[in-house]
Amino acid sequence: MDQDERLLHSSSFGAAAVAYAEHRPDYARAAVRWALAPAAGPRVLDLGAGTGKLTATLLALGADTVAVEPDPAMLSELRRSLPEVRALPGSAEAIPLPDGSVDAVLAGNALHWFDMAVAGPEIARVLVPGGILAGLWNVMNDEVDGPGGPGGAGGVDGLDGLDGADGAGEANGAGGSRGPDGAGGAEWAGGAGGAGGPGRAGGAEWVSGLARVGGSAVVGPRDTPAGWRAETADAHLAETGAAACFGSPERAEFPHGQRRTADSLVAGLATRAGMLVMPEPERRATLDRIRGYLASRPETARGEFTLPMLTAVLRVRRL
């Protein structure tokens with residue numbers, strides 16, 4: 001994706017801010033705890049905060065949170081739903097905070113939109129020395145044969161499939177070793193990393209069909225576990241080869257899920273950037289195909305079901 005296309009996609013969400021707030025999932029608390037575990041203190045910037053999905057989880061965990069969001073409509077929705085939060089207009093490339101003012105910067109489903117040649121030094125500027133940058137992504141779990149066994153409409157590996165449910169994680173450090181590095185984790189962030197041991201929620205076979213029916217606008221390159229692992233390994237680096245601002249990455253994945261009906265799942269998928277920039281006739285046809293597919297599957301045809309997910313995290317430390 002070139003710079004112009006990236007800007008078009010990243011600026012598309014404001015038109016769907018209300019639907020985004022209603023239908024997008026939150027983030028697994030265990031994932032947020034792990035992201036914050038090495039942070040020296042509780043001051044956290046939610047960068048590219050959108051309507052406040054990650055912000056709300058940070059507040060629930062007791063973080064001293066400030067949110068920054070470039071889109072006026074998304075920022076307005078965040079302020080409406082979380083009036084107690086300090087929420088500022090700004091972007092990853094121009095953060096309206098002083099030098100060394102936060103212990104961690106988190107970005108929920110946003111890090112891939114940043115121009116890291118500019119945003120990397122800017123994020124490093126507002127972080128304390130040794131501060132944490134973490135990107136979090138909610139991905140749809142299509143790994144039926146992955147750790148945790150098969151999953152489906154009935155639940156996500158014992159999680160009830162509810163937004164905000166905690167769970168164990170599988171962590172992969174920069175060298176591929178298992179086990180998150182929780183040393184030095186702050187007590188406010190849930191102690192030594194919060195992952196609770198290896199294991200992933202099982203996926204569901206029907207999830208893989210969404211990509212076949214909807215195409216890349218519905219299930220993009222970072223929207224499944226395998227795609228996320230391939231696409232985000234260097235998400236903290238500038239594409240221009242500029243000097244690194246951050247150390248080697250650690251990555252971890254945590255079970256998550258969202259209770260949906262066919263209609264509410266379609267409404268959530270309609271808020272994805274690829275769908276928002278699509279010509280309206282093509283958009284309607286794509287959503288109709290998805291509705292037909294969900295109606296054809298016994299797991300999703302009637303009533304509520306669980307969309308099996310993982311909250312995947314990439315964590316680096318400021319050099």
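In this chain, residues are counted from 1 in sequence order.
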Original post:
Under a 4.0 Å N-O cut-off, is there an ion pair linking Asp64 with Arg43?
Top reply: no
Subject >> Passing candidate, side-chain hydrogen bond (donor to acceptor under 3.5 Å, both in side chains) with Asp46, options Thr57, Thr55, Thr65 >> reply: Thr55
With clusters defined by side-chain heavy atoms of hydrophobic residues (ILVMFWY) lying less than 4.5 Å apart, directly or transitively, does [Y] cluster with [X]?
{"X": "Leu237", "Y": "Met116", "answer": "no"}
{"X": "Leu133", "Y": "Val128", "answer": "no"}
{"X": "Val126", "Y": "Phe246", "answer": "yes"}
{"X": "Leu82", "Y": "Val44", "answer": "no"}
{"X": "Val266", "Y": "Tyr293", "answer": "yes"}

Atom [atom1] of [X] and atom [atom2] of [Y]: how far apart are they, to the nearest 0.5 Å?
{"X": "Asp234", "Y": "His236", "atom1": "CG", "atom2": "NE2", "value": "7.0 Å"}
{"X": "Glu122", "Y": "Cys245", "atom1": "CD", "atom2": "SG", "value": "10.5 Å"}
{"X": "Arg297", "Y": "Trp206", "atom1": "CZ", "atom2": "CH2", "value": "9.0 Å"}
{"X": "Glu205", "Y": "Glu299", "atom1": "CD", "atom2": "CD", "value": "7.0 Å"}
{"X": "Leu88", "Y": "Leu45", "atom1": "CG", "atom2": "CG", "value": "9.0 Å"}
{"X": "Leu78", "Y": "Lys53", "atom1": "CG", "atom2": "NZ", "value": "11.0 Å"}

Would the distance check show the side chain of [X] and the main-chain N or O of [Y] forming a donor-acceptor pair, the cut-off being under 3.5 Å?
{"X": "Arg283", "Y": "Ala270", "value": "yes"}
{"X": "Arg289", "Y": "Val213", "value": "yes"}
{"X": "Ser76", "Y": "Pro72", "value": "no"}
{"X": "Glu93", "Y": "Val118", "value": "no"}

Validation row: [X], [Y] side chains within 4.5 angstrom (heavy atoms):
{"X": "Pro225", "Y": "Trp228", "answer": "no"}
{"X": "Asp223", "Y": "Arg272", "answer": "yes"}
{"X": "Ile132", "Y": "Val105", "answer": "no"}
{"X": "Leu36", "Y": "Leu58", "answer": "yes"}
{"X": "Pro38", "Y": "Arg315", "answer": "yes"}
{"X": "Ser81", "Y": "Thr51", "answer": "no"}
{"X": "Thr300", "Y": "Leu265", "answer": "no"}
{"X": "Met74", "Y": "Tyr20", "answer": "yes"}

**OP:** Step by step, work out the salt bridge (charged side-chain N to carboxylate O under 4.0 Å, His left out) result for Glu69 and Arg79.
**Re:** CA-CA 11 Å; Glu69 165 57 35; Arg79 287 170 168 166; over 6 Å; no
**OP:** Could you walk me through whether Arg251 and Thr232 pass side chain to side chain contact (heavy atoms under 4.5 Å, CB included), step by step?
**Re:** CA-CA 9 Å; Arg251 295 197 288 175; Thr232 63; 3.3 Å; yes
Subject >> Mutual orientation of the aromatic rings belonging to Phe254 and Trp34 [parallel < 30°, tilted 30-60°, perpendicular > 60°] >> reply: tilted
Show the nearest heavy-atom pair for residues [X] and [Y], with the distance to one decimal.
{"X": "Leu319", "Y": "Ala244", "value": "CD1-O, 3.7 Å"}
{"X": "Leu314", "Y": "Trp137", "value": "CB-CZ3, 4.1 Å"}
{"X": "His256", "Y": "Thr311", "value": "CD2-OG1, 3.6 Å"}
{"X": "Met140", "Y": "Val218", "value": "CE-O, 4.3 Å"}
{"X": "Leu269", "Y": "Met275", "value": "O-CG, 3.4 Å"}
{"X": "Thr261", "Y": "Phe305", "value": "C-CE2, 3.4 Å"}

Subject >> Modelled atom types, side-chain donor and acceptor of Arg260 and Thr306, under 3.5 Å >> reply: no
**OP:** Establish, from distance only, whether the side-chain atoms of Thr271 and Arg24 form a donor-acceptor pair under 3.5 Å.
**Re:** yes
Subject >> Val207/Asn141 under side chain to side chain contact (heavy atoms under 4.5 Å, CB included): CA gap, chis, key distance, verdict >> reply: CA-CA 7 Å; Val207 174; Asn141 192 1; over 6 Å; no
